Amino acid sequence: MTLTTETYDELRAIGARYPEARSGLLPMLHLVQSVEGRITPEGIEACAEVLGITAADVSGVATFYTMYKRRPVGDYHVGVCTNTLCAVMGGDQIFSRLKEHLDVGNDETTEDGKVTLEHIECNAACDYAPVMTVNWEFMDNMTPDAAVGLVDALRDGAEVHSTRGPRIVTWREAERVLAGFPDDLADEGPAAGPASLVGLGIARDRGWTAPHPDTDAGSGRTADSKQEAVAQADTGRAETETKQEEGSDD
Amino acid sequence: MTDVLTPVLTDNWGDDRSWTLDSYAARGGYEALDKAFAMAPDDVINEVKESGLRGRGGAGFPTGMKWGFIPQDNPKPKYLVVNADESEPGTCKDIPLMMASPHTLVEGVIISSYAIRANKAFIYIRGEVLHVVRRVQRAVQEAYLAGHLGKNIHGSGFDLDVVVHAGAGAYICGEETALLEGLEGRRGQPRLRPPFPAVAGLYASPTVINNVESIASVPSIIAHGHGWFSSMGTEKSKGFGIFSLSGHVQRPGQYEAPLGITLRTLIELAGGVRDGHELKFWTPGGSSTPLLTAEHLDMPLDFEGVGAAGSMLGTRALQIFDDSTCVVRATLRWTEFYKHESCGKCTPCREGTWWLVQTLSALENGQGSEADLDLLLDQCDNILGRSFCALADGAVSPITSSIKYFRDEYVAHLTEGGCPFDPARSTAWAGQEVNA
């Protein structure tokens with residue numbers, strides 16, 4: 001497949017957002033996926049041509065990041081978090097049930113080309129564990145049965161909504177948003193899911209608030225020098241590096 | 001006396017359409033901006049220094065001091081980069097913040113850029129959170145249309161452009177110099193420091209990189225003053241922070257409180273550990289911070305308190321595991337994660353994490369001998385502190401801490417010829433017999 005002039009124009013437009021065009025490479029590769037359904041050799045050549053770098057440079061980047069796929073992805077990328085917390089809460093059972101139900105292995109696509117299954121790492125929704133994603137939209141508090149129902153609905157072409165977002169778009173449409181070309185769905189879905197609001201709800205019930213704006217405890221400065229700051233900072237590494245820096249100043 | 005919970009960043013999350021400019025402005029949003037513009041940039045830096053705000057992305061470096069390191073006599077452009085690559089296992093505070101109130105972040109970006117004299121700012125959001133990317137894209141667009149971004153903002157003479165940049169799946173890009181590599185269109189591999197980003201960061205120009213929650217805290221500090229902020233928290237850990245409880249508690253979720261709250265209080269608010277179970281182990285700030293146990297329930301959750309217990313406050317990602325959980329299985333899974341996410345630049349991390357997985361897998365399956373525990377610790381010793389970035393240091397944390405507190409459980413795997421735990425008992429639906 002040859003990329004259209006329109007795609008080339010959009011690739012250039014991405015580069016133009018940045019002081020140096022190469023900064024656009026990650027979103028450019030998202031655009032390639034939205035057009036091609038995966039990272040293709042043509043897509044790599046196009047990015048290289050637009051940026052004036054070698055195809056090897058582009059390949060090196062495309063193979064580093066896990067969201068870029070070299071094999072065709074289905075209409076729906078289904079992720080199951082199997083990092084420790086979600087795994088313990090049932091993510092392992094969900095993932096094995098889906099592998100069996102869909103008859104695919106990790107990072108494989110069903111024969112009808114609809115669903116690509118992948119176990120994913122922590123997606124920053126641990127208070128909704130076990131968590132799944134469909135085209136990188138949250139599906140919170142899943143169970144094996146709910147997961148089977150979800151993938152069946154996706155394969156049947158039913159309209160599926162994220163628990164904290166809009167109706168699920170296709171993987172290619174999602175990739176276009178990640179390339180920095182927004183769809184018009186930002187206003188869909190809730191502001192927050194129930195778990196995000198638990199602490200706030202308790203505070204409201206008990207009348208707990210932050211101090212009155214007139215409160216003044218004076219200076220809270222915690223460190224006066226860089227040395228003191230790195231000694232307090234929560235990493236021995238900062239301290240080591242600062243000492244190296246001082247050493248190199250001598 | 002400060003209240004137990006102090007919603008500031010989370011205060012508007014329950015509002016109708018809280019992510020919109022209308023909703024944010026109705027609560028006085030973007031008013032701190034005019035207050036900041038009436039101050040000299042150095043005074044804004046000083047206000048943040050005096051507040052005692054320390055970085056909310058894990059390391060706890062004083063934010064105002066970081067800003068002060070930008071060499072203003074350097075003729076190159078200055079940049080602000082927001083680290084919105086939240087991926088530390090257990091950490092789930094920045095994502096709901098950007099989903100519910102992206103304008104808090106955008107207002108913080110404008111004030112912070114003004115302070116360090118940056119005319120271009122980047123928000124680097126991990127790619128795997130589509131709706132969050134949409135909400136931040138929309139907030140930036142709304143801010144432009146309302147004149148909060150662009151040229152001569154609010155007639156101040158200050159110009160700022162903001163680019164929302166989606167990552168592509170790489171835990172390592174949460175490390176600030178790897179993030180810069182990603183933002184320059186390269187493989188996300190950490191850089192050697194010094195030079196620090198403040199001197200030579202993005203495009204070798206002076207760059208400040210701050211976590212989402214740090215930047216989002218800035219508007220309230222400017223609006224209410226440093227004394228208000230520092231009235232919360234403890235002696236050296238000032239202000240409020242979002243504490244994220246997950247796992248085996250009745251009500252997992254986000255709890256915003258002054259630094260120094262204890263896990264005992266948080267678990268009480270969360271309705272306790274699951275019925276019929278007891279707390280076994282927990283992480284104070286994600287999987288890279290050494291595990292703690294029930295003996296640490298009353299330790300103040302501030303930088304000093306957690307540090308004194310041999311761990312780190314990190315991102316306040318409190319993952320709670322009860323007595324149904326096998327600590328060896330948990331540790332092995334985290335180790336597989338670090339092995340997968342090692343960028344491959346440094347040999348001790350690239351090869352070492354692979355060897356850790358081999359040794360731990362055998363132990364989880366009841367193979368090997370007790371001497372393998374010492375082998376594991378020896379491997380850890382050869383990884384810790386021997387790589388460019390903290391990923392390798394984080395990789396050994398769960399192993400060394402779990403052996404320290406649960407050596408007997410490792411040995412039980414060997415004497416019983418396998419894992420003595422039933423994974424079905426630790427699931428969210430255990431005991432309900434509906435979906436198992």
Side-chain angles (χ1 to χ4, degrees), chain A residues 17 20 22-23 25-26 60-61 64-68 83-85 87-90 121-127 129 136-137 143-145 165 174 178 182 185-186 191-192 195-200 202-203 208-211 213 215-223 229 233-235 237 241 245, chain B residues 3 5-8 10 13-14 18 50-52 59-62 65 86 89-90 92 95-96 100 127-128 130-131 134-135 137-138 163 166 168-170 184-185 187 193-194 224 227-228 230-231 236 238 246-247 251-256 303 312 319 325 330 333-334 390 426-429 435:
Chain A
R17 293 173 196 155
E20 295 184 14
R22 178 158 180 176
S23 281
L25 185 51
L26 267 51
V61 173
F64 184 85
Y65 296 91
T66 52
M67 288 177 78
Y68 299 133
N83 200 296
T84 299
L85 189 113
V88 163
M89 299 296 285
E121 298 300 353
C122 184
N123 220 46
C126 316
D127 43 348
W136 308 116
E137 305 272 19
T143 65
D145 285 348
L178 297 178
L185 299 174
S196 309
L197 299 173
V198 205
L200 180 63
I202 293 172
W208 289 341
T209 61
T215 309
D216 188 353
S219 172
R221 190 183 283 242
T222 54
D234 224 352
T235 163
R237 185 169 293 276
E241 286 169 347
E245 184 183 49
Chain B
D3 288 341
L5 295 178
T6 51
V8 177
T10 57
W13 291 8
S18 64
E50 294 292 334
S51 77
F61 194 85
M65 183 176 287
E86 184 165 69
C92 48
I95 293 302
E128 302 100 320
L130 182 62
H131 206 47
R134 281 196 192 99
R135 289 261 164 97
Q137 285 173 341
R138 172 62 60 88
V163 176
E184 290 186 5
R187 295 165 75 91
R193 290 169 299 190
H224 306 315
W228 168 83
S230 67
S231 73
K236 288 180 176 172
K238 297 296 184 190
S246 61
R251 285 194 298 272
Q254 309 300 325
Y255 299 78
E256 191 174 7
F303 293 106
M312 295 179 280
Q319 305 176 88
T325 315
R333 190 58 59 89
W334 278 318
S426 67
T427 61
W429 51 84
N435 299 293

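What you are looking at is a predicted structure, and each value in this text was computed from that prediction instead of being measured. The sequence lines fix the lettering, A, B, ..., with proteins before strands; numbering per chain opens at 1.
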Self-check item: Residue pair B:E128, A:M67: steps toward the side chain to side chain contact (heavy atoms under 4.5 Å, CB included) verdict
Solution: CA-CA 8 Å; B:E128 302 100 320; A:M67 288 177 78; 3.7 Å; yes
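Of the residues considered (B:A168, B:C92, B:G14, B:P252), B:A168 shows the highest number of contacts with chain A, using heavy-atom pairs under 4.5 Å. Options A:L197, A:V61, A:D216, A:L85 differ in how many heavy-atom pairs under 4.5 Å they form with chain B, and the most are formed by A:L85. Ranked by heavy-atom pairs shorter than 4.5 Å toward chain B, the options A:G165, A:P182, A:A87, A:C126 are led by A:C126. In terms of non-hydrogen atom pairs under 4.5 Å with chain A, the most contact-rich of B:P62, B:G247, B:P96, B:G227 is B:G227. Ranked by heavy-atom pairs under 4.5 Å with chain B, the first of A:G218, A:A192, A:A203 is A:G218.
Contacts of B:T325 with chain A are made by side-chain atoms alone, with heavy-atom separations under 4.5 Å and no backbone atom involved. Heavy atoms of B:Q137 lying under 4.5 Å from chain A belong exclusively to its side chain.
What you find for B:K238 and A:G220 is that their closest heavy atoms are CG-O, 3.6 Å. Nearest heavy-atom pair, A:L25 versus B:G185, reported as atom, atom and distance to 0.1 Å: CD2-O, 3.4 Å. Shortest non-hydrogen contact noted between B:G52 and A:T222 is O-CG2, 4.0 Å. Across all their heavy atoms, A:A124 and B:E86 have their closest contact at CB-OE1, 3.6 Å. When every heavy atom of A:T209 is checked against every heavy atom of B:T6, the shortest pair comes out as O-CG2, 3.7 Å. Counting all heavy atoms, side chain and backbone alike, A:F64 lies closest to B:A170 at CE2-CB, 4.2 Å.
Evaluation of the salt bridge (charged side-chain N to carboxylate O under 4.0 Å, His left out) rule for B:R251 yields no partner, not counting sequence neighbours. By the salt bridge (charged side-chain N to carboxylate O under 4.0 Å, His left out) test, B:R135 pairs with no residue at all, sequence neighbours left out.
Rounding to the nearest 0.5 Å places CG of A:D127 at 4.5 Å from CD of B:Q254. Taking CG of A:L185 as the start and CG of B:L130 as the end, the distance is 8.5 Å to the nearest 0.5 Å.
Of the possible donor and acceptor atoms, one in the side chain of B:R187 sits under 3.5 Å from a partner among the backbone N and O of A:G60. A distance-only check finds no donor-acceptor pair linking the side chain of B:S230 to the backbone of A:S219 [under 3.5 Å]. B:W13 contributes no side-chain N or O that, together with a main-chain N or O of A:A191, makes up a donor-acceptor pair within less than 3.5 Å. The backbone N or O of B:W334 lies less than 3.5 Å from a partner atom in the side chain of A:T84, making a donor-acceptor pair.
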